Amino acid sequence: MATPISIEVWNPSGKYRVISTKPMPGTRWIKLLTDQDCRVEICTEKKTILSVEDIIALIGTKCDGVIGQLTEDWGEVLFSALKKAGGTAFSNMAVGYNNVDVDAATKYGIAVGNTPGVLTETTAELAASLSLSAARRIVEADQFMRAGLYEGWLPNLFVGNLLKGQTVGVIGAGRIGSAYARMMVEGFKMNLIYYDLYQSTRLEKYLPIIAYGQFLKANGEQPVTWKRAATMEDVLREADVISLHPILDKTTYHLINKERLAIMKKEAVLVNCSRGPVINEVDLVEHLRVNPMFRVGLDVFEDEPYMKPGLAEMKNAVVVPHIASASKWTREGMATLAALNVLGKIKGYPVWANPNQVEPFLDENSVPPPASPSLVNAKKLGTFPDSLIRPPSADFICDIYGTNLALITN
Ligand SMILES: NC(=O)c1ccc[n+]([C@@H]2O[C@H](COP(=O)([O-])OP(=O)(O)OC[C@H]3O[C@@H](n4cnc5c(N)ncnc54)[C@H](O)[C@@H]3O)[C@@H](O)[C@H]2O)c1
Ligand SMILES: O=C(O)[C@H](O)CO
């Protein structure tokens, strides 16, 4: 029997009951919901990870939609409870949704939202930070200073890797992988090799490598180069810094294992800001142990919140607690997108045509479009038109937003 759950309630008389399983940053997301006749209930339980039973207790007997977290197990049990309570909408406050059984949600007619785009640069910046921290041994050096061990400059003190002119490898060149690639090429003049199941048009179209290369050459510097690898192994063999950015699914589970670690350079840097299970962490700990010059920067772990035995003792590992998307703007934006996903489905709005361009939802000075920014099972649910969001019609928008028509039709 689940224990009673503590909640904070906004707009108690609202017609639609929307639950957030966690307090989320900012207040805009709450206002967007309460302005549209939602009663918002925020779970304020102290425990970090809610169990399925806790969430069932939160859903109760009447619930229209839930905003949930990546730490929760959204499968058959929860979607069936939400359906019974009359719910039609769920959104993860995350772009990754490997914690969600989308087929189960679809079976119960429940929309599943995620929050792409708003966290791309923030996450890529953390990956870049981990790359630098690992390559230049920043955490080790910081600990050394704080321990009072510094006795003066030495030629061999904390010698690390220079990035300039080295090769950066990106595995999974989607939104975040491409943003990271650009940071490392444009910022540190690294050459790029990437592997993805698909050609990354995002990367190949925008990476101004040719122009940048010419610019560097004109200034007497070595131009940067780039290529798409035919196999992931090519990236692992060639790159000096490798950053993992794929989704987590069957094809990427334990993508990095003993055999693949063995083909990487002995002094390579490996960064993971995707999902923990993309790396076999037991194999990684062993590899770090026998290869002290191999370094990693990890934001995610196979059994979060735990680390596999031995990892915490490895000086050649930089570890942070899944904070890659933790900038104020991004986290508030994620909350906004998650809330609007749920609101959009409850209100019967269409789905936004391009989930990679979510800026119109994030502008605090204008009313967001009447749409769900990103529903991953919209097509499967069949409740949305193929062409997704309909062009704003004056009547439709006036109906919803009254005087703010001009902001939307601009
Ligand atoms: N650590 C964090 O806080 C944090 C923050 C944001 C996102 N993430 C993770 O990063 C992932 C990527 O986010 P995104 O917005 O860039 O997603 P995305 O969908 O734009 O990019 C994922 C890329 O991975 C590629 N891919 C899929 N399977 C692959 C495989 N087997 N081999 C190689 N490439 C493969 C896809 O083709 C795609 O290009 C998310 O799914 C999430 O799990 C983590
Ligand atoms: O998938 C995500 O969005 C992250 O892991 C949290 O920002």
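Indexing begins at 1, ligand by ligand and atom by atom, following the structure's order. What you see is a predicted model; the values in this text were computed from it and never measured.
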Taking all heavy atoms of [X] and all of [Y], pick out the closest pair and write down the distance.
{"X": "Ala339", "Y": "Ile67", "result": "CA-CD1, 3.7 Å"}
{"X": "Phe361", "Y": "Arg28", "result": "O-NH1, 2.9 Å"}
{"X": "Ala239", "Y": "Ala268", "result": "O-CB, 4.4 Å"}

If we ignore hydrogens and angles and just use 3.5 Å, is the side chain of [X] paired with the main-chain N or O of [Y] as donor and acceptor?
{"X": "Glu72", "Y": "Gln69", "result": "yes"}
{"X": "Asn257", "Y": "Arg260", "result": "yes"}
{"X": "Trp352", "Y": "Gln357", "result": "yes"}
{"X": "Arg17", "Y": "Lys62", "result": "yes"}
{"X": "Thr44", "Y": "Ser6", "result": "yes"}
{"X": "Asn114", "Y": "Ala94", "result": "no"}
{"X": "Asp142", "Y": "Val139", "result": "no"}
{"X": "Asn377", "Y": "Lys380", "result": "no"}
{"X": "Ser325", "Y": "Thr123", "result": "no"}

Checking the N or O distance criterion of under 3.5 Å, is ligand 2 in contact with [X]?
{"X": "Gly96", "result": "yes"}
{"X": "His322", "result": "yes"}
{"X": "Ser325", "result": "yes"}
{"X": "Arg275", "result": "yes"}

- Message: I need the contact type for Leu70 against ligand 2. Using non-hydrogen atoms and a strict under-4.0 Å cut-off, is it side chain, backbone, both or neither?
- Response: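 The side chain, only.
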- Message: For Val300, which part has a heavy atom under 4.0 Å from ligand 2: side chain, backbone, both, or neither?
- Response: neither
Considering only protein heavy atoms, which is closest to [atom], and at what distance to one decimal place?
{"atom": "atom 5 (C) of ligand 1", "value": "Thr123 OG1, 3.4 Å"}
{"atom": "atom 9 (C) of ligand 1", "value": "Ser274 O, 3.6 Å"}
{"atom": "atom 25 (C) of ligand 1", "value": "Asp196 OD2, 3.2 Å"}
{"atom": "atom 3 (O) of ligand 2", "value": "Val95 N, 2.8 Å"}
{"atom": "atom 12 (C) of ligand 1", "value": "His245 O, 3.5 Å"}
{"atom": "atom 21 (O) of ligand 1", "value": "Gly174 CA, 3.3 Å"}
{"atom": "atom 31 (N) of ligand 1", "value": "Thr251 OG1, 3.0 Å"}
{"atom": "atom 28 (N) of ligand 1", "value": "Leu197 CD1, 3.5 Å"}

Say whether [X], considering both its backbone and side-chain N or O atoms, lies within less than 3.5 Å of an N or O atom on ligand 1.
{"X": "Asp299", "value": "yes"}
{"X": "Thr252", "value": "no"}
{"X": "Tyr195", "value": "no"}

- Query: Passes ring-ring contact (aromatic ring centres under 6.0 Å, His included), Phe158 versus Phe144? Steps please.
  - Reply: CA-CA 10 Å; Phe158 291 112; Phe144 177 87; 5.1 Å; yes
Checking contacts here: is it the side chain or the backbone of [X] that comes within 4.0 Å of ligand 1, counting heavy atoms only? Could be both or neither.
{"X": "Ile247", "value": "both"}
{"X": "Arg175", "value": "both"}
{"X": "His322", "value": "side chain"}

- Item | Trp74-Tyr97 aromatic ring centre distance below 6.0 Å |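 Ring centroids of Trp74 and Tyr97 are no less than 6.0 Å from each other.
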- Message: Classify the ring geometry of His287 against Phe294: parallel below 30°, tilted from 30° to 60°, perpendicular beyond 60°.
- Response: perpendicular
- Item | Trp226 and Tyr194 aromatic ring geometry - parallel, tilted or perpendicular at 30°/60° bounds |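 Parallel.
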- Could you check which of Ile323, Leu70, Ile176 puts a non-hydrogen atom nearest to atom 10 (O) of ligand 1?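 Among Ile323, Leu70, Ile176, the closest heavy atom to atom 10 (O) of ligand 1 comes from Ile176.
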- Counting heavy atoms only, which of Gly96, Ser325, Cys273, Pro246 is nearest atom 4 (C) of ligand 1? Cys273
Distance under 4.0 Å to a non-hydrogen atom of [X]: what atoms of ligand 1 satisfy this?
{"X": "Arg275", "value": "8 (N), 9 (C), 42 (C), 43 (O), 44 (C)"}
{"X": "Val95", "value": "6 (C), 7 (C), 15 (O), 40 (C)"}
{"X": "Tyr198", "value": "37 (O)"}

- Query: Relative to the heavy atoms of Leu119, which atoms of ligand 2 are at a distance of less than 4.0 Å?
  - Reply: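 Matching atoms, with element in brackets: 3 (O), 7 (O).
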- Counting each atom of ligand 2 from 1 as listed, which ones have a heavy atom of Ala94 under 4.0 Å away? 1 (O), 2 (C), 3 (O)
- So is Met334 in contact with ligand 2, going by heavy-atom distances below 4.0 Å? yes
- Contact with ligand 2 for Met93, non-hydrogen, under 4.0 angstrom: no
- Query: In Å and rounded to the nearest 0.5 Å, what is the CZ to CD1 distance from Arg228 to Ile193?
  - Reply: 11.5 Å
- Query: Measuring from the heavy atoms of Val300, does anything fall under 4.0 Å of ligand 1?
  - Reply: yes
- Task: Please confirm whether Pro116 comes under 4.0 Å of ligand 1, counting heavy atoms of the residue only.
- Result: no
- Query: Would one find more than 12 heavy atoms of other residues, nucleotides or ligands at under 6.0 Å from atom NZ of Lys265?
  - Reply: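 Atom NZ in Lys265 is packed in, count exceeds 12.
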